[in-house]
**Student:** 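I have a structure here, written as structure tokens, and I will follow up with some questions on it.
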Amino acid sequence: MRTLDLELDVYQGPFDLLLSLVLKEEIDLLEVPLLDIILAYLDQMEAEGTHDYWDDMTEFLLLMSLLVEVKSRLLLPGASLELDGELTPEEARDQLLTRLFEYSKFKSASESLRHLAELNCGAIMRPPAGDSRRRLPPLEEIAGSGDVMELRDGLVRLLDSKRQPDAAHLAQIKVDLRRQISIVRGVLARRGHFSFDTVFGGEEPLVQAVSLFALLNLLAKGEIRVSQARAFGDITVRVAQDRKTA
Amino acid sequence: MENPALDRFEESQPRFATIKKNVEALLFASGSPLTVQTLASALSGSEPVAVATIEAALAELELEFPRGGDRGFELVRLAGGWALRTSPSCQVAVSALFELPDDVSRLSPAAVEVLAIIAYLQPASRRQIAEIRGVNSDSPVQKLLERELITEVGRAQSAGSAVLYGTTPRFEAMYGLADLDDLPGLEGFAVTEEQKDDLRRRLGLLGAPE
Amino acid sequence: MENPALDRFEESQPRFATIKKNVEALLFASGSPLTVQTLASALSGSEPVAVATIEAALAELELEFPRGGDRGFELVRLAGGWALRTSPSCQVAVSALFELPDDVSRLSPAAVEVLAIIAYLQPASRRQIAEIRGVNSDSPVQKLLERELITEVGRAQSAGSAVLYGTTPRFEAMYGLADLDDLPGLEGFAVTEEQKDDLRRRLGLLGAPE
């Protein structure tokens, strides 16, 4: 059934994957079965079974949701597709492209670095003659050369950064897909079925997106069935029939 | 003493030959690249040796041991200094007896990507790197730190004061760069307008040509 | 094919040049004498290289880098093998090079940070330093040890008995301090033992008092 045979572990990240798909493989986005990519990625992660891998997934999920968005605009021209987030679809698309162009530049630069290194890696220098080791500058030469305020400022800066919670990581929201999967399983174990909006409707958009991927994962495993009465409507999630009887 | 200038010239010739010989010996004896200043101060005994003289000696030696020449070793500008090193064309024989310390093949493609980003943007934070690559890059950054190809060069002024990274002289040596200006220009790697349009079209962002 | 011997000779010329180049590279790279056998086996890939060929290459190299010649280094038979070494006439310059003070350049920002932590909080372990800085700090610690600005002052009592570091008299001289109490106060913190513990607590290195 799967038409796309992707060796995902060779890709260095989502942009690498996207570049290869769209540029090198010459695939038109309309023809890329996104679900296959996502499922292949999920299978891959399952096989790896590592913790870090889930962390790295956040960006992949974001990228894929952007792609889904872009693609659905193509498939449903004229459909109103306001995203919950602060970005308009056009802005999201432009941002994606800008990042893709930027990434591609460094990707080529790294290939050229690799080539440079190959030209140079075969050469070695002699070990330093004898057992001579450079000596330290005499004490007189360095006496008073350091600025003690530099030391003080260094520590004060560290104290400051300890006091204010580091905000740097907040911009990169991390959502644990496994956690969402276990939430879905937990709710199903208790109730047998649930409404996506009821359980996840109040969450952040990103958490909602990851919950959606959790559904896809469980769907792929045959654990659940989902139904959606109308496009963009609520999703009903049920335990798969054969599981229930088993 | 009829022509003191000529006298001094003739006297200076053996002196230049001696300096050149000594520069050669120093480059041979040192295990790492030497700057012109270091060479000059090592050779300045009772009488100072001018940097220009060292440079003239290096220019002659560069002709005798050219990069990619017929000798088993070559003189190269590396990491802000000068070094004698084995010719890369002798790699097979050299690796039979000695360990090549900077086996680039051991760097993952991810690590080289991160290294390229840091080399061109330095100083750069982990956050910046992750943004460009679209994926968390802590593990390749750690690898590069361990191999001393990058180092901390400061902290961002902004809140959180993220650590900023830059490349090391070891990086320059590994990639055979005289200095950072030796890196091929980043503009050269930019996606062309044509490729951009192609990309846009493939992503369905441009209508099909009417 | 009138003279097959000549043919073979001409064909063998580039091969001999390559072998000689590689012998030169190996002698250059080695810090100790190499025997003819070692050279021959290092150069024998798919095709074995005869000891006689190696000896012929060495004989030519001996003419190019003769003992007591005009070059900065010379080829000598030493301890049953062959070695390139600096010319004894360059001894003064070579020993001057290694007498030159090692790197008087400024400390890196990372090293300054580590030094500040050790100076104010000593004794401190690598682990504690890494925790405060939020990043592995082995490389700056190593640099500071090499510069003799910090030194091991003991071992932690706790499990793992980590090495603890403190500053040296050289550190005090470099920063013009009469003693450690001379360190400037930190926003209201002086450096008494009590205040130091308070600092450690703020930095998360000590549990809160019960």
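Note that the structure is predicted; figures quoted are calculated from it, not measured. FYI, side chains are in, hydrogens and waters are out, and symmetry mates aren't considered; it's all heavy atoms of this structure. Here is the naming used below: chain letters follow the sequence lines, and residue numbers restart at 1 for every chain.
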**Student:** Contact part of B:Ala190 toward chain A, heavy-atom cut-off under 4.5 Å: side chain, backbone, both or neither?
**Tutor:**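 For B:Ala190, the contact with chain A is made by backbone and side chain together.
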**Student:** Got A:Phe106 and B:Tyr120 here, is their nearest side-chain heavy-atom distance under 4.5 Å?
**Tutor:** yes
**Student:** Measure the CG-OH distance between A:Leu116 and B:Tyr175 for me, rounded to the nearest 0.5 Å.
**Tutor:** 8.5 Å
**Student:** Take B:Leu177 and A:Asn120 through the test side-chain contact (heavy atoms from CB on, under 4.5 Å) and record every step on the way to the result.
**Tutor:** CA-CA 9 Å; B:Leu177 303 170; A:Asn120 282 283; over 6 Å; no
**Student:** Distance-only, no hydrogens or angles: does the A:Arg99 side chain make a donor-acceptor pair with backbone N or O of B:Glu131 under 3.5 Å?
**Tutor:**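 Indeed, once roles are kept as given, a pair shorter than 3.5 Å links the two residues.
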**Student:** Considering only heavy atoms, which portion of B:Arg126 lies under 4.5 Å from any heavy atom of chain A: side chain, backbone, both, or neither?
**Tutor:**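 Contact with chain A: none, neither part.
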**Student:** Let me confirm one number: the CD-CD distance from A:Glu118 to B:Gln91, rounded to the nearest 0.5 Å.
**Tutor:**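 A:Glu118 atom CD to B:Gln91 atom CD measures 9.5 Å (nearest 0.5 Å).
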**Student:** For atom NZ of B:Lys196, decide whether the heavy atoms of other residues, nucleotides or ligands shown that lie under 6.0 angstrom number more than 12.
**Tutor:** yes
**Student:** Minimum heavy-atom separation for A:Ile124 and B:Val94, please, with both atom names.
**Tutor:**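 Taking every non-hydrogen atom into account, CD1-CG1, 3.6 Å.
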**Student:** Does A:Ser110 use its side chain to pair, donor to acceptor, with the backbone of B:Val112 at less than 3.5 Å?
**Tutor:**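 No, the answer is negative, given that no donor and acceptor are paired below the 3.5 Å cut-off.
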**Student:** Atom CG in B:Leu186, atom NZ in A:Lys105: separation rounded to 0.5 Å?
**Tutor:**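 NZ of A:Lys105 is found 4.5 Å from CG of B:Leu186.
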**Student:** Do other residues, nucleotides or ligands put more than 12 heavy atoms under 6.0 Å from B:Asp70 CG?
**Tutor:** no
**Student:** Please find the pair of heavy atoms, one from B:Leu183 and one from A:Leu113, that lie closest to each other, and give the distance.
**Tutor:**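 Shortest heavy-atom separation between B:Leu183 and A:Leu113 comes out as CD2-CD2, 4.0 Å.
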**Student:** Measuring from A:Ser104:OG to B:Ile132:CD1, what's the distance to the nearest 0.5 Å?
**Tutor:**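 CD1 of B:Ile132 is found 12.0 Å from OG of A:Ser104.
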**Student:** How many angstroms lie between CD in A:Glu111 and CD in B:Glu113, if you round to the nearest 0.5 Å?
**Tutor:**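 The CD atom of B:Glu113 is 8.5 Å from CD of A:Glu111, to the nearest 0.5 Å.
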**Student:** Less than 4.5 Å apart, any side-chain heavy atom of A:Tyr103 and any of B:Val191?
**Tutor:** no
**Student:** What heavy-atom pair brings A:Leu158 and B:Arg155 nearest, and what distance separates the two atoms?
**Tutor:**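 Of all heavy-atom pairs spanning A:Leu158 and B:Arg155, the closest is CD2-NH2, 3.8 Å.
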**Student:** May I ask you to check whether over 12 heavy atoms, not counting those of A:Arg179, lie within 6.0 Å of atom CZ?
**Tutor:**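 Counting other residues, nucleotides and ligands, CZ of A:Arg179 stays at 12 neighbours or fewer.
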**Student:** Would you name the heavy atoms of A:Ser112 and B:Pro184 that are closest together and state the gap between them?
**Tutor:**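 Nearest heavy atoms, A:Ser112 then B:Pro184: OG-CG, 3.6 Å.
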**Student:** Select one option (side chain, backbone, both, neither) describing which atoms of B:Leu78 are under 4.5 Å from chain A's heavy atoms.
**Tutor:**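 Side chain of B:Leu78 only, per the 4.5 Å heavy-atom cut-off to chain A.
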**Student:** Does a side-chain heavy-atom distance below 4.5 Å link B:Pro33 with A:Met125?
**Tutor:** yes
**Student:** Between atom CZ of B:Phe73 and atom CZ of A:Arg126, what is the distance when rounded to the nearest 0.5 Å?
**Tutor:**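 CZ of A:Arg126 is found 10.0 Å from CZ of B:Phe73.
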